[in-house]
Amino acid sequence: MARLSSWLRLAALIGAAAVLAAPSFEAAAGADKPKLEHGKGDKCVEDTDFMRRNHMELLKHHRDETMHQGIRTTKYSLKQCVACHASEKTGSVAATKEDFCAACHSYAGVKLDCWDCHATKPMAKKPGQAEAQAEVKASPLMPNPQNGGAKQ
Amino acid sequence: MANNVCLGRECGKNTRFWMLLALGGLVMLGTLSAFFYLEHHGHIMTGMNNQIVWGLPHVFAVFLIVAASGVLNVASIGSVFGKKLYKARAPLSGLLALAMLAGGLAVLVLDLGRPDRLIVAMTHYNFKSIFAWNMIFYNGFFAIVGLYLITLMDHKLKPWSKPVGLLAFLWRLALTTATGSIFGFLVARAGYNSALYAPMFIIYSFAYGLAAFLVVQSVMYKWNNIAMDERILSRMKNLLAVFVAAGLYFTVVLHLTNMYFAKQWEFERFLLAGDNIYTTLFWLGQVFIGGIVPLLMLFSPNAAKNPAIVFLAALLVLVGGHAQMYVTIVGGQAFPLDLFPGYAQTSSFFDGEVHSYSPSIWELMLGLGGIATAFLITTVAVRVLKFLPQDDFKEIELETKEG
Amino acid sequence: MNEPKRPESNLENGDRRSFLAASAAVAGSAVAPGVLLYGIAQAKPAEEAVTDKVRWGMLVDTTKCATGCTDCVTACNTENGLSGKTGPQDSQWIRKVDIKNLQTGAQHTLPMMCQHCEHPPCVDVCPTGASFKRADGIVLVDRHICIGCRYCMMACPYKARSFVHEPLTEQNPEVPRGKGCVESCTFCVQRVDRDQSPACVEACDKAGHKAMVFGDLNNPESDVAKAVKAYATTEVRGDLRLNTGVRYQGI
């Protein structure tokens, strides 16, 4: 009786392991590697291999620079990443599993925290806003009445 | 003489243990489902809002934390001050301290807006924040009290129990001071903003901790069919009465001082004579049920002979303690900030009006989970190790005669 | 810009010379203030960190603030992607407060937002350091390390902070905000870093009330510095000695 129960236990263990491991069989076969949509432009700010390994470090470092020191360079800015990599179809980087960020992250099983706060779609171009930007740059010498009270 | 709660294995099959475990597990199930629900949908499902940011979960959590640091006192009186009667109770006291602190912290963490960032909280410290210091104190408490328990229960390490006990005692004083200062350091609010909060919380912790210990000890003795010795009961009940009275004293001083400042009258009127739940909880809960009634019970002539009276009094102190936490935490937030003294204020952000708070079932489930956590840890530990106090009655006789 | 007059072909040499001199003077005087302004108004380059040379501040003239007008609130909501709802769990970064003196009956109205104190209690109490003050005086929440404990909300004397109670979508890419973190007025830091003023100030100007002036308190030539020097201004809850960046006139 004791021997039968220990066999049963072994069988149950193997069965459970098989059930748990089943989903990974498909992936191990290499069938589901994500196909990423090509971003806008011909290349990214760094080469692909570097980005694959280090994009998290770049973002993490840059976010502190922007947040705490007001450094708003665009090379490693998340906003710029989104602007280039937003999907043609959904306009977003994480709306569906095919979108740029979500594709790799769901394959790798790494939860994305960024999009709780950050917008997944690039800035919608408002005509007024584009002009305001251009005005500030084009004529720094002229006090801009539209910026009433701006730094002088 | 049984030397554990007879939930131990050598007592044979024990359904009581499994039933207790099931009860605790059921409550924890409710708590965890509340947690997942809130984590997914956000705090919009709770009664907490931008006016009352800390609610029912924090009432339970802060109570457990304060009581946890206080329950260690029983052990400290033994190890640090050498009282034999308390030395026998030190292991149980240490265990309860760890269990209750774990319960309180669990609730706090589960209620965070971003509990997934616990690692961030452990690795980023702003040392100007008393809250950050609290995190260090809580973690240190686990380590030190754990070490203390080992020195108590391992024969070879027994000589170390005195120095480690002293460290635990001092550490716990710092911890409770910091917990009270969470409120005392807030300059913004009429209900906080007082240096008195630190010592007041220390005294509250003495009372709540000893009351919790007495409740647990009474239950353990009852289930073991052990009679509580009259001399032990007498000393412990008197100590509880002293702590409860001291707590009332601090409450009186705090409010008396506040009433001296014209700028505090509005708040005191709101709290002590308002038409709201906080006034009821203060007078009925904190002062009457948590203070006066237990004092009367503890000083009644038959109290030393009747363990049930002491048990009930301790239970009432615990209930009164929750009322006190509700008044402090929620009442202090309900009273609006006075941005423009001398002016009536209205805005879309509820300036100038008493803020309302109706707790949701999720918050209650979160809060009860703290008690359930402490309960489960205690139940399991007590089955596995020897925690029932073993008294040497001859020594206690001598000690009681010495006074 | 002035366009120099076209000289007539039959002008004498002397006249031409004096005309040229005059034109040079006029052109110079037209350009000079711009050159001066350029020196001061130069947009901070993106790769440069902010410094404490600048201290952003605001003056609110409550006598110019109109009762019932909420243009500043609307503008803030639009710029920062807030819902604009005013339930107990909704975020409000700026609000209009109507006050009435209990003794005299005098009534005022004013916008209340994060006061960007020099000694912010919210920064002191934050356990992780997520609530911080930037070098140029703007108080912000670093939502990357905010754990949502809400202690800063307890500590703020102005009830300036809000907690995000539900999951958000469609955020403004320039103003990331999300569930579980605390937030408050940022002086529209995304605009300030581009040399613009906060949305509330701009909206008040556009509406014609001009009750809000924003600028660099450390620069004696700025509008706000000149105004706080000329007029009697107060800090709300000044007894707390927080040295706020926002000052009020007329209360």
Side-chain angles (χ1 to χ4, degrees), chain B residues 39-54 108-109 111-118 120-121 123-135 182-183 185-189 192 332-333 336-352 355-356, chain C residues 70 73 86-92 95-104 106-108 110 112 121 123-132 143-151 153-159 161-168 178-182 236-237 239-240 242 251:
Chain B
E39 228 245 312
H40 185 72
H41 292 281
H43 275 64
I44 199 160
M45 297 301 176
T46 69
M48 294 183 278
N49 48 42
N50 286 325
Q51 286 67 243
I52 308 275
V53 305
W54 284 358
L108 273 188
V109 169
D111 169 79
L112 286 177
R114 301 221 55 149
D116 50 312
R117 294 218 176 127
L118 192 58
V120 171
T123 50
H124 290 72
Y125 287 102
N126 167 23
F127 286 113
K128 213 168 172 203
S129 163
I130 195 70
F131 212 16
W133 280 104
N134 266 296
M135 293 193 193
I182 287 177
F183 303 100
F185 282 4
L186 293 181
V187 72
R189 297 186 183 253
Y192 305 141
Q333 295 175 79
L337 291 171
D338 194 13
L339 296 184
F340 303 98
Y343 286 84
Q345 306 153 45
T346 55
S347 78
S348 58
F349 210 32
F350 309 95
D351 288 290
H355 306 132
S356 63
Chain C
T70 52
V73 178
T86 56
Q89 291 170 327
D90 294 310
S91 290
Q92 294 185 44
R95 63 204 190 258
K96 285 296 295 294
V97 182
D98 299 317
I99 62 179
K100 179 173 173 182
N101 192 313
L102 294 166
Q103 299 306 321
T104 65
Q107 293 187 332
H108 307 281
L110 47 88
M112 173 58 55
V123 172
D124 283 347
V125 302
C126 177
T128 57
S131 175
F132 72 100
R143 293 187 188 76
H144 306 116
I145 52 181
C146 173
I147 57 174
C149 73
R150 289 102 74 199
Y151 194 22
M153 294 173 74
M154 296 274 270
C156 177
Y158 306 100
K159 202 152 111 26
R161 290 224 155 150
S162 301
F163 179 64
V164 181
H165 287 77
E166 54 185 338
L168 298 179
K179 169 174 83 76
C181 285
V182 175
V236 176
R237 298 193 81 171
D239 60 310
L240 299 181
L242 302 174
I251 47 167

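Quick caveat: nothing in here was measured; it's all calculated off a predicted structure. Letters go in sequence order (proteins before strands), and every chain restarts at 1.
When all heavy atoms of C:Arg143 and C:Cys181 are compared, the pair lying nearest together is O-SG, 3.7 Å.
Geometric assessment of C:Arg95 against the ring of B:Phe349 yields a negative cation-pi assignment under the 6.0 Å and 45° thresholds.
Neither the backbone nor the side chain of C:Asp239 comes within less than 4.5 Å of any heavy atom of chain B. Of the atoms belonging to B:Asp116, not a single heavy atom falls under 4.5 Å from chain C. Contact annotation for C:Lys159: both backbone and side-chain heavy atoms come within less than 4.5 Å of a heavy atom of chain B. Neither the backbone nor the side chain of B:Leu118 comes within less than 4.5 Å of any heavy atom of chain C. Looking at C:Ile147, the atoms closer than 4.5 Å to chain B (heavy atoms on both sides) sit in the backbone and in the side chain alike. Only the backbone of C:Val123 comes within contact range of chain B, with at least one heavy atom under 4.5 Å from a heavy atom of that chain. The contact between B:Leu186 and chain C is made entirely by side chain atoms (from C-beta outward), counting heavy-atom distances below 4.5 Å. Heavy atoms closer than 4.5 Å to chain C are found in the side chain of B:Tyr192, but not in its backbone. In this structure, chain C has heavy atoms under 4.5 Å from both the backbone and the side chain of B:Gln345. At a 4.5 Å heavy-atom cutoff, the contact between B:Met48 and chain C is made by backbone and side-chain atoms alike. At a 4.5 Å heavy-atom cutoff, the contact between B:His40 and chain C is made by backbone atoms alone.
Not one N or O on the side chain of B:Asn126 forms a donor-acceptor pair closer than 3.5 Å with the backbone of C:Val125.
A heavy-atom distance below 4.5 Å is found between the side chains of B:Glu39 and B:Pro115.
Shown here are the side chain to side chain contact (heavy atoms under 4.5 Å, CB included) partners of C:Ile251, two or more places apart in sequence or in another chain: B:Phe340, C:Thr62, C:Ile99, C:His108, C:Leu110, C:Thr234, C:Tyr248. In this structure B:Ser356 satisfies the side chain to side chain contact (heavy atoms under 4.5 Å, CB included) test with no other residue, sequence neighbours excluded.
Defined by atom type and a distance below 3.5 Å, a donor-acceptor pair is present between the side-chain atoms of C:Arg161 and C:Ser131.
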